[in-house]
Trainee: 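Let me begin by handing over the structure; questions about it come next.
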Amino acid sequence: MKARPAFIVISIAIIVLVAVTGIWHPRIWWTMVLFGPLIYVGYSDILQRKHAIKRNFPVIGHGRFMLEKIRPEIMQYFVETDTAGRPFNRILRSMVYQRAKKVTDTAPFGTQLDVYQTGYEWMDHSMYAHKIDHSGPHPRVMVGGPDCKKPYSASILNSSAMSYGSLSRNAVMAINKGAKMDNFAQNTGEGGLSQYHLKYGGDVIWQIGTGYFGARNKDGTFSETEFAKRATLESVKMIELKISQGAKPGHGGILPASKNTPEIAEIRGVEPYTEVQSPPAHTAFSNPTELLQLLKRMRDASGGKPVGFKICIGKESEFVDICKAMIATGIKPDFITIDGGEGGTGAAPVEFSNYIGRPLRDGLSFAYNTLVGYDLKKDIKLIGSGKIVNGFHIARTLALGADMCNSARAMMLAVGCIQALQCNNNTCPTGVATQDETLMKGLDVESKSNRIANFHHATLNSFVELIGALGISSPSELNRTHINRRMNISTIKRYDELYPYTRKGEYIGKDPVAVSYVRAEA
């Protein structure tokens, strides 16, 4: 039995037992001196909506918050690692919580990082920093190339792909409502477009993966008819075809029959209580030209909305082939999302998480250079995703060539994730990554949507202040010369030295893959 139902049953049993026994033995009533306060605290926990841990684990949930208060503050400086061995800084996690809760996120005693450690990065500020007025709107990016009839004005920070099924419906609804409140977009993930993504009217980026969930025929192939039914919905602002994701590129997935409930089946367009496989590759195309033709069909069927694809860079030659196909066919995506190999997921084979997929900075710089080299970038927006948590991460990603960013990890933290690492076990204690009804109820949509909006707003405020400190007024002015990286104790390099720029049109008539290898050897 789960903690909350167990507490209710036990507390009622105690009250009944004491009441009945107390009729014959009045001294029994004294036991309520012990049990009364605990029962009061427990029901207070269940009725409050601020903390999912307390709602799901009445009384005992207070232990976590007590430990937070008594632990030495020096613990804030330690770097934790998840089960795959990937580092995630507790400082960043605390910053997300503070911004989501509208708690002051300033820090005493200077930097919390070792500025002489290899890998430390920073930006050079200007003597002529700009004064920032936060009363105006945050920067936005217009997504839509020459063939797009319904371009979308996007926030430079949006919620990255997280499927309903991986996340609970309460978490999906909280993100959607938060997106509506602070005017950004929520990516559905490949699990399909559900009613929970549409409930509050937040902007939606509908992602379609290799399973074509919500846009498939009974045999699992892509259905343009089913696609059009959902792609034309008002809330759907962009469509993203997922070729690969950073957490497990080149790897499909299986939805067990036991988890394929009638609701999930309806959303995904499959038969309930059957095993559903997401293959590692698409069946709707087998070469770059067919990929672009599919994107064109999707754009036309959606009524002219922005379409693009998401990819974790693998073989450079394959991305180059797509660019060559764009020139040959004249068909271009409106955007390309570059996902880094450091991206996360609820469950992935450890070897794939650790050893497959190019990291974001390397993949993004290559994609940008290739598009510029073929003179294609002017019509295509680039989106970067992969452990983007704060304003500096946004600035660094835009400096490398992205026009906007997606973030999943930070959005999960803002909605209540405590990194319990139970995503793949359906036992998430905060109700974020579970389909357990009892745990899910602990996540209050109203309070968590406010936290999502708070985090997004505060992070973009931080970003705007950072570029103001550089003496620039627009994100489009960011470039690789603005970011510095310590290589060792005596060597510092700018990003334009680490990731040299390509000249416009430089790759036309040449082999850019060979060019990049020559640079690497040089």
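Worth knowing before you read on, the calculation uses all heavy atoms, side chains too, and leaves out hydrogens, waters and symmetry mates.
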Trainee: Determine yes or no for a side-chain-to-main-chain donor-acceptor pair under 3.5 angstrom, with S244 supplying the side chain and C312 the backbone.
Mentor: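 Flag set: sc S244 to bb C312 pair under 3.5 Å.
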Trainee: Less than 4.5 Å apart, side chain to side chain, heavy atoms only: is that true for P475 and I467?
Mentor: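 SC-SC contact between P475 and I467 confirmed.
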Trainee: So, does R140 use its side chain to make a donor-acceptor pair with the main chain of S153 at under 3.5 Å?
Mentor: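 Yes, the answer is positive, given that a donor and an acceptor are paired below the 3.5 Å cut-off.
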Trainee: Can you confirm whether the side chains of S168 and N170 place a donor and an acceptor under 3.5 Å from each other?
Mentor: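 N170 and S168 do not have a side-chain donor-acceptor pair below 3.5 Å.
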Trainee: Any side-chain donor paired with an acceptor under 3.5 Å for E477 and H482?
Mentor: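 No donor-acceptor contact under 3.5 Å links the two side chains.
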Trainee: Working to the nearest 0.5 angstrom, can you tell me the gap between I239 CD1 and R230 CZ?
Mentor: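 It is 13.0 Å, given to the nearest 0.5 Å.
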Trainee: I'd like to know if the side chain of Q186 pairs up with that of N176 as donor and acceptor (distance under 3.5 Å, no hydrogens or angles considered).
Mentor: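 Yes - a donor-acceptor pair under 3.5 Å links their side chains.
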Trainee: Measure across K387 and R409 and return the closest heavy-atom pair with its distance rounded to 0.1 Å.
Mentor: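 So the two residues come closest at CE-NH2, 3.3 Å.
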Trainee: As a quick check of understanding, evaluate side-chain hydrogen bond (donor to acceptor under 3.5 Å, both in side chains) for Y152 and D334, giving each step before the final call.
Mentor: CA-CA 10 Å; Y152 173 57; D334 299 293; over 6 Å; no
Trainee: Over 60° means perpendicular and under 30° means parallel, so classify the ring planes of F184 and H456, tilted if in between.
Mentor: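 Ring orientation of H456 relative to F184: parallel.
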Trainee: Without swapping roles, check the side chain of K150 against the backbone of P306 for a donor-acceptor pair under 3.5 Å.
Mentor: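 Side chain of K150 to backbone of P306: no pair is present.
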Trainee: Determine, stepwise, if the pair D444 / S447 fulfils side-chain hydrogen bond (donor to acceptor under 3.5 Å, both in side chains).
Mentor: CA-CA 6 Å; D444 180 65; S447 64; 3.2 Å; yes
Trainee: Just by distance, do the side chain of S155 and the backbone of N158 share a donor-acceptor pair under 3.5 Å?
Mentor: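 Not at all, since once roles are kept as given, no pair shorter than 3.5 Å links the two residues.
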Trainee: If we ignore hydrogens and angles and just use 3.5 Å, is the side chain of S163 paired with the main-chain N or O of G191 as donor and acceptor?
Mentor: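 Yes; judged by distance alone, with no hydrogens or angles, the pair exists.
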Trainee: When rounded to the nearest 0.5 angstrom, what distance separates NZ in K324 from CD1 in I322?
Mentor: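 Separation between the atoms: 12.5 Å.
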Trainee: Before you tell me yes or no, could you show the steps for N187 and E240 under side-chain hydrogen bond (donor to acceptor under 3.5 Å, both in side chains), namely the whole-Å CA-CA distance, both residues' side-chain angles and the distance that decides it to 0.1 Å?
Mentor: CA-CA 9 Å; N187 191 306; E240 180 180 79; 3.1 Å; yes
Trainee: Where is the tightest heavy-atom contact between Q435 and L167, given as atom of each residue plus distance?
Mentor: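 In terms of heavy atoms, the two residues are closest at NE2-O, 2.9 Å.
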Trainee: Given 3.5 Å as the limit, does a donor-acceptor pair link the side chain of K381 with the main chain of I336, or not?
Mentor: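 It does not hold such a pair.
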Trainee: Where is the tightest heavy-atom contact between M123 and L470, given as atom of each residue plus distance?
Mentor: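 Looking at all heavy atoms of both residues, the closest pair is CB-CD2, 3.7 Å.
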Trainee: Taking the side chain as C-beta and beyond, is there a heavy-atom pair between L193 and I267 under 4.5 Å?
Mentor: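 No, every pair of side-chain atoms sits at 4.5 Å or beyond.
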Trainee: Determine whether L382 and L364 make a side-chain contact, defined as any pair of heavy atoms from C-beta on separated by less than 4.5 Å.
Mentor: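 Yes, at least one pair of side-chain atoms sits under 4.5 Å.
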Trainee: For the residue pair C405 and L398, establish whether any side-chain heavy-atom pair is separated by less than 4.5 Å.
Mentor: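 A side-chain contact under 4.5 Å exists here.
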Trainee: Report the C-alpha separation of R299 and K305 in whole Å, then their side-chain angles, then the decisive distance to 0.1 Å, and conclude whether the side chain to side chain contact (heavy atoms under 4.5 Å, CB included) test is met.
Mentor: CA-CA 6 Å; R299 183 191 288 128; K305 294 179 179 179; over 6 Å; no
Trainee: On the 0 to 90° scale, with breaks at 30° and 60°, tag the W122-Y120 ring pair as parallel, tilted or perpendicular.
Mentor: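 Rings of W122 and Y120: parallel, under 30°.
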Trainee: Any donor-acceptor pair under 3.5 Å linking the side-chain atoms of N488 with those of T118?
Mentor: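 The criterion, which ignores hydrogens and geometry beyond distance, is not satisfied for N488 and T118.
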Trainee: Quick one: NZ on K242 to OG1 on T188, what's the gap to the nearest 0.5 Å?
Mentor: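 If I round to the nearest 0.5 Å, the distance is 11.0 Å.
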Trainee: So R486 and E121, salt bridge (Lys or Arg N to Asp or Glu O under 4.0 Å) or not? Walk me through it.
Mentor: CA-CA 6 Å; R486 181 175 295 282; E121 295 180 336; over 6 Å; no
Trainee: Ignoring hydrogens and angles, tell me if any N or O in the side chain of D375 forms a donor-acceptor pair with the backbone of K504 under 3.5 Å.
Mentor: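 Checking the backbone N and O of K504 against the side chain of D375, no donor-acceptor pair under 3.5 Å is found.
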Trainee: Should the pair R268-E190 be classified as a salt bridge under the 4.0 Å nitrogen-to-oxygen rule?
Mentor: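 Judged by the 4.0 Å cut-off on N to carboxylate O distance, R268 and E190 do not form a salt bridge.
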Trainee: If I compare all heavy atoms of I483 with all of A399, which pair ends up nearest, and what's the gap?
Mentor: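 Looking at all heavy atoms of both residues, the closest pair is CG1-CB, 3.8 Å.
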Trainee: Charged N to carboxylate O under 4.0 angstrom, R297 versus E224?
Mentor: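 The answer is yes: the pair qualifies as a salt bridge.
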Trainee: For a 4.5 angstrom cut-off between non-hydrogen side-chain atoms, does D339 reach L360?
Mentor: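 Not touching, per the 4.5 Å side-chain cut-off.
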Trainee: Under a 3.5 Å threshold, yes or no: a donor from one side chain and an acceptor from the other, between E263 and Y164?
Mentor: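 Present: a donor and an acceptor within the cut-off.
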Trainee: Do K310 and L241 touch side chain to side chain, with heavy atoms closer than 4.5 Å?
Mentor: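 In short, these two side chains do not touch, never coming nearer than 4.5 Å.
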Trainee: Sub-3.5 Å donor-acceptor pair from the side chain of S365 to the main-chain atoms of R361, do we have one?
Mentor: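 It does hold such a pair.
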Trainee: Side chains of D182 and H457: donor-acceptor distance under 3.5 Å anywhere?
Mentor: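 Yes - a donor-acceptor pair under 3.5 Å links their side chains.
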Trainee: For residues M326 and L292, determine if any side-chain heavy atom of one lies less than 4.5 Å from a side-chain heavy atom of the other.
Mentor: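 Contact flag for M326/L292 side chains = yes.
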Trainee: Can you tell me how far CZ of F309 sits from CG of L291, rounded to the nearest 0.5 angstrom?
Mentor: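 These two atoms lie 6.0 Å from each other.
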Trainee: For the residue pair N183 and H138, confirm or rule out a side-chain donor-acceptor distance under 3.5 Å.
Mentor: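 Checked: N183/H138 side chains show no N/O donor-acceptor pair below 3.5 Å.
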Trainee: Got a donor-acceptor contact below 3.5 angstrom from the N369 side chain to the P500 backbone?
Mentor: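 Yes; judged by distance alone, with no hydrogens or angles, the pair exists.
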Trainee: Going by the rule salt bridge (Lys or Arg N to Asp or Glu O under 4.0 Å), which residues pair with K180 if we only count those two or more places apart in sequence or in a different chain?
Mentor: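 If we apply the salt bridge (Lys or Arg N to Asp or Glu O under 4.0 Å) test to K180, skipping adjacent residues, there are no hits.
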Trainee: Side chains of T370 and Y507: any donor to acceptor distance under 3.5 Å?
Mentor: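 Y507 vs T370: no donor-acceptor pair found between side chains.
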Trainee: For the aromatic rings, using the six-membered ring if either is Trp, is the centroid distance between W206 and F227 under 6.0 Å?
Mentor: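 For W206 and F227, the ring centres are under 6.0 Å apart.
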Trainee: Taking NZ, NE, NH1 and NH2 as the nitrogens, is one of them in E446 or K177 under 4.0 Å from a carboxylate oxygen of the other?
Mentor: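 Salt bridge: yes.
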Trainee: Would you check if T337 and N406 make a side-chain contact, meaning some heavy-atom pair closer than 4.5 Å?
Mentor: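 Yes. Closest side-chain heavy atoms under 4.5 Å.
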Trainee: Report the C-alpha separation of T430 and L443 in whole Å, then their side-chain angles, then the decisive distance to 0.1 Å, and conclude whether the side chain to side chain contact (heavy atoms under 4.5 Å, CB included) test is met.
Mentor: CA-CA 6 Å; T430 59; L443 194 157; 5.8 Å; no
Trainee: So, E506 and Y374: side-chain donor and acceptor under 3.5 Å apart, yes or no?
Mentor: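 No donor-acceptor contact under 3.5 Å links the two side chains.
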Trainee: Between S385 and I388, what is the shortest heavy-atom contact and its length?
Mentor: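 Looks like CA-CD1, 4.0 Å.
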Trainee: Can you name the closest pair of heavy atoms from H282 and I243 and give their distance?
Mentor: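 Taking H282 first and I243 second, the nearest heavy atoms are NE2-CA, 4.0 Å.
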Trainee: Going from CD on Q207 to CD on Q245, what distance comes out if it is rounded to the nearest 0.5 angstrom?
Mentor: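 Atom-to-atom, Q207:CD and Q245:CD are 7.5 Å apart.
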Trainee: Is the count of non-hydrogen atoms from other residues, nucleotides or ligands lying under 6.0 Å from K378 atom NZ greater than 12?
Mentor: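 Enclosed.
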Trainee: If you round to the nearest 0.5 Å, how far is CG of N390 from CG of L157?
Mentor: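 Atom-to-atom, L157:CG and N390:CG are 10.5 Å apart.
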Trainee: Are any of the side-chain nitrogens in D300 or K296 under 4.0 Å away from the carboxylate oxygens of its partner?
Mentor: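 The answer is yes: the pair qualifies as a salt bridge.
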Trainee: I would like to know whether K448 and I175 meet side chain to side chain contact (heavy atoms under 4.5 Å, CB included); could you show each step before the answer?
Mentor: CA-CA 8 Å; K448 300 306 183 184; I175 295 173; over 6 Å; no
Trainee: Is NZ or CZ of R358 both nearer than 6.0 Å to the six-membered ring centre of F366 and within 45° of the ring axis?
Mentor: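 Yes, R358 sits over the ring of F366.
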Trainee: Treating T434 as the side-chain partner and G431 as the backbone partner, does any N or O pair qualify as donor plus acceptor under 3.5 Å?
Mentor: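 Not at all, since once roles are kept as given, no pair shorter than 3.5 Å links the two residues.
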Trainee: Would you mind checking if D403 and K377 are paired as a salt bridge, meaning a charged N to carboxylate O distance below 4.0 Å?
Mentor: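 Salt bridge: yes.
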Trainee: Would you check if there is a donor-acceptor pair between the side chains of T481 and R494 at a distance under 3.5 Å?
Mentor: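 Judged by distance alone, the side chains do not pair up.
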